[in-house]
Each structure stands twice: as C-alpha cells, then as structure tokens.
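Below you'll find the structure, written out as structure tokens, and then a few comments.
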Amino acid sequence: MRGWRNAVQETAASKPLFLTIYATVILGTVVSSFYVFSAIYSPTASPTRSISSSWLLAPPLSQNGVSLSSNISQPSQHRSNKLRPIWEAPSRTSKMPRLKSFRLTKELVAQRAKDNVIIVTFGNFAFMDFILTWVKHLTDLGVSNLLVGAMDAKLLNALYWKGIPVFDMGSHISTDDVGWGSPIFHKMGRQKVLLINAILPFGFELLMCDTDMVWLKNPLPYLARYPDADILTSSDQVVPTVVDDRLADWKQVGAAYNIGIFHWRPTPPAKKLAKEWIDMLLADDRIWDQNGFNELVRRQTGPAFDDESGIFYSYDGNLKLGILPESIFCSGHTYFVQALHQQFRLQPYALHTTFQYAGTEGKRHRLREAMVFFDPPEYYDAPGGFLSFRPSISKSLLLDGEHNLESHFSLINYQMRQIRSALALASVLNRTLVMPPLWCRLDRLWFPHPGALLGSMTRQPFLCPLDHVFEYALVQVNVMLRDLPAEEFGPAINIREYSFLNNPFLPQRVRESWLDVQLCQEGTEDCHASSNTSRPGLLRFPKRSSEETLKKVFSSFKDVKVIQFSSMQDAFLGFTDKTREEKFRKRVKQYVGIWCCVENHIPGHIYYDMYWDEKPGWKPVPPKTPEDDHPPF
C-alpha cells in the first residue's frame with residue numbers, strides 16, 4: 001500500500017532525513033494495512049444506523065418527504081461519462097471497491113479536474129459534517145471538480161457511500177476531533193503540505209481548502225483573473241486594504257498569510273517553495289505549517305510584478321504571489337464581527353471560521369448563525385420542541401455613552417440575566433432554547449486592545465457571535481455532557497443559534513406549530529394561569545409563575561413545536577426544588593467565558609459571571625492576583 005505519498009518520493013530523494021521518515025511511514029502503513037482492509041471490507045464495516053450519525057453514512061435522507069439529494073445540485077460531468085454525479089450514491093447492493101482504487105493518482109485527479117483545476121480538502125471522520133457542507137456549497141454553485149482526502153478508513157467508507165469523490169491519504173489519523181494546536185493537529189497540517197507536493201507534479205492547478213470554510217460564490221472565475229500568480233493566498237488581515245474586489249494591497253498586509261484557502265499553479269517557483277516547505281516541517285516537528293509558509297514566502301516581499309494586478313514577487317524573488325482580498329475571502333473577523341462584505345456592498349466568495357472561540361463547536365455554531373451549515377433533518381425538529389423569546393434592550397444600553405468596559409459589561413450582563421432565565425425555563429419545560437441575538441460594545445481577541453482594532457471597520461455596538469461570551473455553553477452542551485453528569489449538574493439544556501427559526505431548512509411543520517406567550521399581570525383581562533388561549537396561537541400568561549404552574553399549563557402544549565415568550569422579564573418565579581436549582585446554577589455558571597483583554601495589565605482578561613447580580617458592587621476588572629485568576633464557579 002504505497003498510498004498517495006508516492007507522488008512526493010522522488011522530490012525528497014536528496015534528503016536523508018525525509019527518506020528516514022518516509023521509510024518509517026511506509027513500514028507503518030504496511031503493518032496497519034490489515035486494519036484498514038478489514039475496516040473497509042469487513043461485513044461489520046457497513047454504516048452504523050443511529051440518530052446522530054446515520055445521515056452522514058447513508059444515502060441522502062428525506063426532508064418533508066423530498067430526498068435531500070433533490071436539493072443538491074448535480075452538475076453534468078464534462079470529463080468522463082464513467083463518472084457518477086456527485087451525491088449519486090453507489091447501489092447498496094454493490095461492494096466497496098478495493099482500497100488501491102482510492103489512491104491519489106494523476107489519473108484520478110484528471111478525471112475530476114476541469115479546465116486543469118482541482119479543488120481539494122481533507123479531514124478525518126470528526127469533520128464529516130464540515131466536509132459535507134463544503135461539498136454541498138460547491139455543488140450548489142455548479143462546481144464539481146473537487147476531491148476529498150480521507151485521513152481514516154471510517155471517513156473514506158462514509159464519503160464513498162454518500163457519492164463524494166474521495167481518495168485515501170493513508171494517514172490513519174484518529175477519527176476524533178484532534179483540537180487546534182495538538183500534536184495530531186500539527187500532523188494533519190503536514191499532510192496538507194505533502195498533498196501539495198503530491199498534486200503539483202501532476203500538472204494541475206490546486207485550490208487547497210481547510211474543511212472549516214465554505215464557498216459562498218464560485219471562486220474559479222476570480223482566480224482565473226490572475227493567471228500570472230504562482231500562488232494566491234488568503235490572510236488574517238483585519239484592517240481593509242482595498243474597498244472593492246481587487247487583490248489586497250500587499251504593501252499594507254501585515255497579518256499572517258492564512259493557508260486555509262490558497263491556490264497553487266504548477267510552476268517551477270511554486271514547486272520549489274512546496275519542496276522547501278515540506279523539508280522544513282519534516283526537519284522540525286515544532287514548526288506549525290502556517291508559520292513555516294509565512295517564514296519562507298516573506299524572505300522577500302516585493303517588488304510588484306506589474307502596476308495593476310496586485311501581484312508581487314516573494315520567497316526567492318521569482319515566486320509571484322497575490323493576497324486575496326479580506327472583505328470577500330473572509331476570515332471569522334471580517335465576516336462575523338466587521339461584516340466587511342456588507343459595508344462595502346460586495347458578495348463574499350468564502351468564509352473561513354478563524355478568529356473564533358470554543359474550538360470546533362464554535363466553528364459549527366458560527367456557520368449555523370450564518371445559516372450556511374447543513375445539519376441533518378432531526379436538528380431542525382428536536383424532541384420536546386423549542387423555546388424562544390424576544391429580547392428587550394434599551395437604547396441607552398446599546399448606544400449611550402462611551403464604548404468601554406463598563407458600558408460593554410452592562411450591556412452583556414443585562415442580556416445574560418434574560419438568557420439565564422430562559423435557560424431555566426427551557427430546563428423546566430424540557431425544550432431546546434433558541435438563543436437570542438447577542439449584542440456587544442467591545443470586540444474580543446487574544447491580546448490587549450482598546451475595544452475595537454484600530455483601523456478596522458468594526459461597528460459599535462455589533463451583533464457578536466455567541467462564542468464571544470457563551471464560549472463554554474457551546475463546548476459543554478455539545479461535547480462535554482459526559483463531563484457534566486445530570487446527577488451533579490441537572491439535566492442538559494440544548495441550544496440553537498439565534499437565526500435558527502429563520503433557516504430555510506426549518507420544516508414547515510415546525511414553522512406552523514407556534515404559540516406566542518404574552519406575559520401579563522395576573523388579574524388583568526384574559527390573564528390567567530391556564531391553557532385557554534385568547535385567540536389561536538396566543539396565550540396571555542401571568543408573570544412570575546411558579547415551576548409547578550408552568551409545567552402544568554404548558555404540558556397542554558407539548559405538541560407545539562415552538563413556544564415564544566414576549567419577554568424574559570419576570571417570566572419565571574424560580575425553581576421550587578432547591579436541589580434542582582443548585583444543580584442548574586452549577587451548570588450554567590460554566591457556560592460563560594472571558595472578555596480579552598485590557599491594555600497595560602497582566603493578566604488582561606475579565607471573567608463573565610452568570611450570577612453577577614448577586615454580588616454587590618461587582619465590577620468588570622481583571623484578576624488582581626494569580627489566586628484570583630479563576631472562573632467564578
């Protein structure tokens with residue numbers, strides 16, 4: 001089992017260190033081939049059917065009686081009549097092809113390439129939903145010249161049965177989420193560079209993408225506008241350098257070039273860079289792949305290739321590099337915080353979930369907030385139904401006074417108290433909480449700043465991503481339930497993104513099953529603790545009702561999919577069971593994270609506190625001593 005690495009063997013022949021590592025990889029691959037073979041061909045290797053994963057492994061499920069495959073564009077194949085359209089799954093009566101048929105070869109790339117361009121991403125099974133989202137966006141845009149590299153046998157098997165063009169990377173990486181910055185994360189980064197070195201000698205242009213990004217517009221015509229560029233790369237630039245769709249002004253780009261989205265042409269300078277890059281990484285496993293790329297290409301910066309294109313010479317003085325504009329090849333900051341594309345009235349091409357918190361779950365949630373993530377049907381119709389509310393924020397909290405720590409935390413704390421009540425109500429009614437939009441007056445970063453990055457176009461206040469504040473709600477609700485057992489922390493409380501009820505994938509049966517709850521003062525007209533609606537779909541309900549009353553009345557509406565409260569102000573009197581209340585408090589105290597960071601103070605972060613209002617004189621200040629530097633649990 002030579003695998004796709006054969007393509008880089010020749011280019012590494014002159015490096016003894018590379019040969020040593022390469023021989024080790026070959027030996028390990030041979031030994032582990034028996035496992036991969038059995039994983040793919042064993043009768044037990046057929047997809048496991050479960051609520052959480054069957055949609056990933058089986059042919060497209062149906063939604064509202066219509067196959068999801070009918071909603072997925074299936075562009076005609078121009079390369080070969082033998083190719084199945086993407087998303088057309090193989091017959092379930094057929095057998096899995098032999099593993100060697102999934103090797104990355106020039107012939108495989110040629111089958112999928114169009115106009116000599118191939119678009120590639122790769123990952124392990126933990127990112128299966130990201131990969132399906134990535135593929136679906138491209139096929140919806142009419143782009144089918146794509147390939148996905150599978151880093152484990154489980155993903156290879158799953159993608160094949162979904163009708164996704166896939167090749168075996170022979171990596172045998174864990175199927176779990178490896179976590180940013182971990183040793184396996186860095187190993188995955190090296191796989192990217194090996195892939196580039198494997199594909200460039202085939203003679204194809206390569207658009208290499210991370211799986212945590214999505215395409216919102218076909219990028220190929222844009223990339224074709226710059227045929228002289230050896231490489232076009234995205235960046236972490238947050239201060240805009242252009243206000244239209246031209247390449248970024250390379251003289252003004254001070255941030256790192258981001259290798260989550262970059263386009264390579266098979267030119268001698270690009271091949272030379274790719275070779276030196278992989279040699280650097282294999283010689284020192286402490287080097288992060290992106291840092292290595294930046295170190296190499298920034299050896300020389302300039303001069304400009306010409307007066308108009310925005311391309312410039314870099315690396316060894318022969319490589320022609322262009323930087324994709326930050327406003328339309330968006331980072332997590334330019335899209336979610338600044339919304340540069342909206343301010344410049346431009347249509348974005350890409351969204352990469354950088355500049356975010358809460359790990360992989362934070363990435364998922366951000367894409368869901370933007371309604372560009374594709375979830376299984378059951379995500380949109382959770383057991384027990386949904387609870388939402390209309391947040392109430394005064395103009396003074398949003399706009400009055402300076403944008404500083406005090407005004408930011410006053411705004412966040414006011415919203416936090418409403419969300420805390422909503423979480424309690426969702427727990428009592430056993431419903432999934434649809435989070436409200438969250439407004440911030442200050443940005444959040446990893447380093448000291450004055451509240452908004454100087455030179456950026458961050459508007460204050462701005463609609464901030466949930467992970468800016470409720471960082472650990474995402475991690476714990478979706479990942480760490482096993483670490484927050486119900487015996488100690490009470491029942492889990494599931495959440496959905498603020499845009500959930502506007503998502504076009506929300507089934508009609510959910511949209512039409514709706515109850516508006518208007519809070520009122522008990523004793524006023526039609527304000528009674530009963531299930532009698534004043535008109536269809538509207539219930540006037542007393543403020544500060546007890547837990548027992550809420551359970552009793554709303555049990556009559558258990559079949560209603562969405563219950564929306566007019567407010568969370570005095571919606572809930574509190575838990576009757578004090579033991580349950582204490583468990584609830586222990587759970588939600590861990591949902592919030594930090595704001596970062598004040599200038600001229602170490603440490604500079606300030607902890608959010610879910611129960612700030614129970615501490616007289618509470619103020620937003622960073623920890624004064626190391627002993628104070630802990631969450632307010």
Side-chain angles (χ1 to χ4, degrees), residues 3-5 7 36 39-40 47 53 55-60 69 72-75 77 79 83-90 96-97 99 101-114 117-141 143-173 175 177-178 188-189 191-196 198-199 202 204-215 219-220 260-264 350 352 373-374:
W4 61 276
R5 292 181 180 80
V36 177
I40 293 180
S53 63
W55 78 284
L56 301 175
L57 302 175
S69 61
I72 298 172
S73 61
Q74 299 179 358
Q77 303 292 333
R79 276 78 69 200
L83 292 179
R84 277 193 311 270
I86 297 175
W87 301 109
E88 184 179 302
M96 183 83 177
L99 187 61
S101 67
F102 293 99
R103 291 174 182 164
L104 180 63
T105 63
K106 183 175 181 178
E107 292 70 28
L108 175 63
V109 177
Q111 284 182 335
R112 302 299 329 177
K114 181 179 179 182
V117 178
I118 190 71
I119 309 174
V120 175
T121 193
F122 67 97
N124 65 351
F125 188 77
F127 284 84
M128 177 74 172
D129 51 352
F130 283 92
I131 290 170
L132 292 180
T133 295
W134 182 86
V135 173
K136 187 177 187 306
H137 274 284
L138 283 173
T139 55
D140 281 353
L141 292 168
V143 178
S144 59
N145 49 321
L146 62 91
L147 281 170
V148 178
M151 304 188 77
D152 59 70
K154 190 175 182 181
L155 178 65
L156 179 73
N157 186 63
L159 290 178
Y160 171 77
W161 291 110
K162 290 290 292 182
I164 307 298
V166 59
F167 64 91
D168 174 33
M169 294 182 65
S171 309
H172 315 313
I173 293 287
T175 60
D177 184 356
V178 299
M188 291 178 72
Q191 301 291 310
K192 176 191 294 183
V193 190
L194 285 167
L195 262 180
I196 294 168
I199 294 175
F202 294 160
F204 298 96
E205 296 183 27
L206 169 64
L207 178 53
M208 176 65 73
C209 317
D210 285 352
T211 57
D212 63 340
M213 60 82 54
V214 296
W215 291 107
L220 299 181
I261 307 170
F262 55 175
H263 179 257
W264 293 66
H352 190 191
F373 197 78
F374 296 106

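The first residue of the sequence shown is numbered 1, and numbering continues consecutively from there.
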Under 4.5 Å between any side-chain heavy atoms of V117 and F204, yes or no? no
Closest non-hydrogen atom pair between M213 and A350, with its separation: CE-CB, 3.7 Å
For the pair R84 (side chain) and G163 (backbone), establish whether a donor and an acceptor sit closer than 3.5 Å, ignoring hydrogens and angles. no
Treating D210 as the side-chain partner and D212 as the backbone partner, does any N or O pair qualify as donor plus acceptor under 3.5 Å? no
Pick one: which of L207, L146, V109 meets side-chain contact (heavy atoms from CB on, under 4.5 Å) with I118? V109
Considering all heavy atoms of both residues, which atom of F122 and which atom of T211 are nearest to each other, and what is their separation? O-CG2, 2.9 Å
Quick one: do F127 and L155 satisfy side chain to side chain contact (heavy atoms under 4.5 Å, CB included)? Show the steps, please. CA-CA 9 Å; F127 284 84; L155 178 65; over 6 Å; no
NZ-CH2 distance between K136 and W87, expressed to the nearest 0.5 angstrom: 7.5 Å
Distance check, rounded to the nearest 0.5 Å: T121 atom OG1 versus I261 atom CD1? 10.5 Å
Compare all side-chain heavy atoms of I86 with those of P165 and state whether any distance is below 4.5 angstrom. yes
Look at the side chain of N124 and the backbone N and O of D152, then say whether any donor-acceptor pair between them is shorter than 3.5 Å. no
Might you work through the side chain to side chain contact (heavy atoms under 4.5 Å, CB included) test for S144 and L138, ending with a clear yes or no? CA-CA 7 Å; S144 59; L138 283 173; over 6 Å; no
N/O donor-acceptor pair under 3.5 Å between H137 side chain and W215 backbone: yes
Quick one: closest heavy-atom pair of P97 and F102, and the distance? O-CE1, 3.8 Å
Set out, in order, the CA-CA distance, both residues' side-chain angles and the distance that settles side chain to side chain contact (heavy atoms under 4.5 Å, CB included) for M169 and L104, then state yes or no. CA-CA 8 Å; M169 294 182 65; L104 180 63; over 6 Å; no
Please report the shortest heavy-atom distance between A150 and V166, naming the atom on each side. CB-CG2, 3.8 Å
As an exercise, state the distance from CG of L195 to CG of L206, rounded to the nearest 0.5 Å. 8.0 Å
Is there side-chain contact between F202 and E107, with at least one heavy-atom pair below 4.5 Å? no
Search all heavy atoms of M96 against all heavy atoms of L156 and return the closest pair with its distance. CE-O, 4.2 Å
Nearest non-hydrogen partners of M128 and A158, listed with the distance: CE-CB, 3.6 Å
Cation-pi between K154 and F125: NZ/CZ under 6.0 Å from ring centre and within 45° of the ring axis? yes
Would W264 and E205 count as a side chain to side chain contact (heavy atoms under 4.5 Å, CB included) if you check the C-alpha gap in whole Å, the side-chain angles of each, and the deciding distance to 0.1 Å? CA-CA 6 Å; W264 293 66; E205 296 183 27; over 6 Å; no
Short question: side chain of T133, backbone of D129 - any donor-acceptor pair under 3.5 Å? yes
When rounded to the nearest 0.5 angstrom, what is the spacing between CE in M208 and CD1 in I196? 5.0 Å
How far does CG of L108 sit from CD1 of I199, to the nearest 0.5 angstrom? 9.0 Å
Value for CG (L220) from CG (N145), rounded to nearest 0.5 Å, stands at 5.5 Å
